[in-house]
Undergrad: 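One structure follows; several queries about it will come next.
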Amino acid sequence: MKKNYLLNTIIGMGFGFPITLLCMTLMSGYSEVVREFLVWMVASALYGLLSGVFFDLKSNLPLPVAIVAHCLGCMTITAGGVAICGYGSSFLSALLRILPVFAVIYVVVYIIAFFLMKNDEKQINQALEKN
């Protein structure tokens, strides 16, 4: 039986990070490091939740709409994290600071997703032609 080591790693991180935060807090108290770690851990959980909502197999959203909605949600979460951690002077300045990065990342993600879908379509069509 083939094991999915990547999935096991992600599950381990999902359980391990909150436990690590709790241990850090219990051993050395709530600190700036713990707060930043907590902010980005919650942000990561929210990114995953958004991904499930917008890219679930049951989602009827067209890919461009899903990607734009996901991008806007993740940008909002990230800008909130940046503002909470004090990396920017305000939520708006944080949002403006991360906007170019998100634009580039999501254009690349869309292009990759588009070509992967086209490749899948090609393989499906070839399989159908054989039958």
Side-chain angles (χ1 to χ4, degrees):
M1 181 163 57
K2 185 178 176 182
K3 292 188 177 191
N4 188 337
Y5 294 110
L6 179 60
L7 180 60
N8 291 343
T9 301
I10 292 169
I11 290 169
M13 290 166 52
F15 284 102
F17 287 155
I19 292 169
T20 299
L21 268 179
L22 178 62
C23 291
M24 289 169 66
T25 302
L26 292 174
M27 289 188 289
S28 36
Y30 187 77
S31 66
E32 187 66 24
V33 171
V34 171
R35 186 175 70 84
E36 282 192 53
F37 191 9
L38 178 62
V39 166
W40 294 115
M41 189 178 72
V42 169
S44 295
L46 292 173
Y47 299 146
L49 182 62
L50 277 181
S51 296
V53 168
F54 291 116
F55 301 115
D56 189 300
L57 293 175
K58 296 175 186 170
S59 175
N60 294 327
L61 293 174
L63 181 62
V65 172
I67 287 180
V68 168
H70 186 268
C71 178
L72 293 173
C74 287
M75 267 194 331
T76 302
I77 292 165
T78 303
V82 166
I84 290 169
C85 289
Y87 304 157
S89 58
S90 69
F91 179 82
L92 183 59
S93 72
L95 190 60
L96 293 174
R97 187 173 182 189
I98 64 172
L99 185 61
V101 174
F102 269 78
V104 170
I105 289 170
Y106 275 86
V107 165
V108 170
V109 166
Y110 181 79
I111 290 169
I112 291 170
F114 179 81
F115 283 112
L116 287 173
M117 285 177 26
K118 287 297 178 188
N119 187 48
D120 287 345
E121 288 174 11
K122 182 179 176 183
Q123 289 176 351
I124 290 168
N125 286 333
Q126 287 174 347
L128 290 173
E129 288 174 3
K130 288 182 182 178
N131 291 331

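Numbers here simply count residues along the sequence, with the first being 1. What you see is a predicted model, and the numbers here were worked out from it, not measured in a lab.
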Undergrad: To check you understand the geometry: which heavy-atom pair defines the closest contact between A113 and L63, and what is its length?
TA: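 The pair with the smallest heavy-atom distance is CB-CD2, 4.0 Å.
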Undergrad: Give the table of side-chain donor-acceptor pairs shorter than 3.5 Å for residues 81-93, with sequence neighbours excluded, one pair per line with atom names and distance.
TA:
{"residue": "Y87", "atom": "OH", "partner": "E36", "partner atom": "OE1", "Å": "2.3"}
{"residue": "Y87", "atom": "OH", "partner": "W40", "partner atom": "NE1", "Å": "3.4"}
{"residue": "S89", "atom": "OG", "partner": "S93", "partner atom": "OG", "Å": "3.3"}
{"residue": "S90", "atom": "OG", "partner": "L92", "partner atom": "N", "Å": "3.4"}
{"residue": "S90", "atom": "OG", "partner": "S93", "partner atom": "N", "Å": "3.1"}
{"residue": "S93", "atom": "OG", "partner": "S89", "partner atom": "N", "Å": "3.2"}
{"residue": "S93", "atom": "OG", "partner": "S90", "partner atom": "N", "Å": "3.0"}
{"residue": "S93", "atom": "OG", "partner": "S90", "partner atom": "O", "Å": "3.0"}

Undergrad: Same cluster or not: are L96 and I98 linked, directly or through other Ile, Leu, Val, Met, Phe, Trp or Tyr residues, by side-chain heavy atoms under 4.5 angstrom apart?
TA: no
Undergrad: Answer yes if M75 and V104 sit in the same cluster of Ile, Leu, Val, Met, Phe, Trp and Tyr residues linked by side chain heavy atoms under 4.5 Å apart, and no otherwise.
TA: no
Undergrad: Can you tell me how far CG of L46 sits from OG1 of T78, rounded to the nearest 0.5 angstrom?
TA: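 So the gap between those two atoms works out to 10.0 Å.
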Undergrad: Is it possible for you to say whether M117 and I111 belong to one hydrophobic cluster, with membership spreading through side-chain heavy-atom contacts below 4.5 Å?
TA: yes
Undergrad: To the nearest 0.5 Å, how far apart are CG in L99 and CG in L95?
TA: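 L99 CG to L95 CG: 6.5 Å, rounded to 0.5 Å.
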Undergrad: Hey, could you give me each pair passing salt bridge (Lys or Arg N to Asp or Glu O under 4.0 Å) that has a residue in residues 69-97? Not counting sequence neighbours.
TA: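 Pairs touching residues 69-97 that pass the test: none.
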Undergrad: Measure the OG-CD1 distance between S44 and I77 for me, rounded to the nearest 0.5 Å.
TA: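 These two atoms lie 9.5 Å from each other.
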Undergrad: Do V101 and L72 belong together in a cluster built from hydrophobic side chains that touch within less than 4.5 Å?
TA: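 Linked, V101 and L72 end up in one cluster.
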Undergrad: Does F37 have any ring-ring contact (aromatic ring centres under 6.0 Å, His included) partners at least two apart in sequence or in another chain, and if so, which?
TA: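 Scan of F37 (ring-ring contact (aromatic ring centres under 6.0 Å, His included), adjacent residues dropped) gives F17.
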Undergrad: So which heavy atom on A94 is nearest to which on A79, and how close?
TA: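 It is CB-O, 3.7 Å.
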Undergrad: Name all pairs fulfilling the salt bridge (Lys or Arg N to Asp or Glu O under 4.0 Å) condition that reach into residues 98-118, sequence neighbours left out, sorted by first residue then second.
TA: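 For residues 98-118: K118-E121.
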Undergrad: Any link between I105 and F54 through a network of hydrophobic side chains (Ile, Leu, Val, Met, Phe, Trp, Tyr) touching at under 4.5 Å?
TA: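 Linked within one cluster.
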Undergrad: Which is it for I124 and L128 under the side chain to side chain contact (heavy atoms under 4.5 Å, CB included) test, yes or no, and what are the steps along the way?
TA: CA-CA 6 Å; I124 290 168; L128 290 173; 4.0 Å; yes
Undergrad: Can you give me the closest heavy-atom contact between L61 and A66, atom names plus distance?
TA: CB-CB, 4.2 Å
Undergrad: Filter on salt bridge (Lys or Arg N to Asp or Glu O under 4.0 Å), then keep only pairs touching residues 102-112, sequence neighbours left out; what's left?
TA: none
Undergrad: Per the ring-ring contact (aromatic ring centres under 6.0 Å, His included) rule, what does the pair list look like for residues 62-84, sequence neighbours excluded?
TA: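 Matches after skipping sequence neighbours: F55-H70, H70-Y106.
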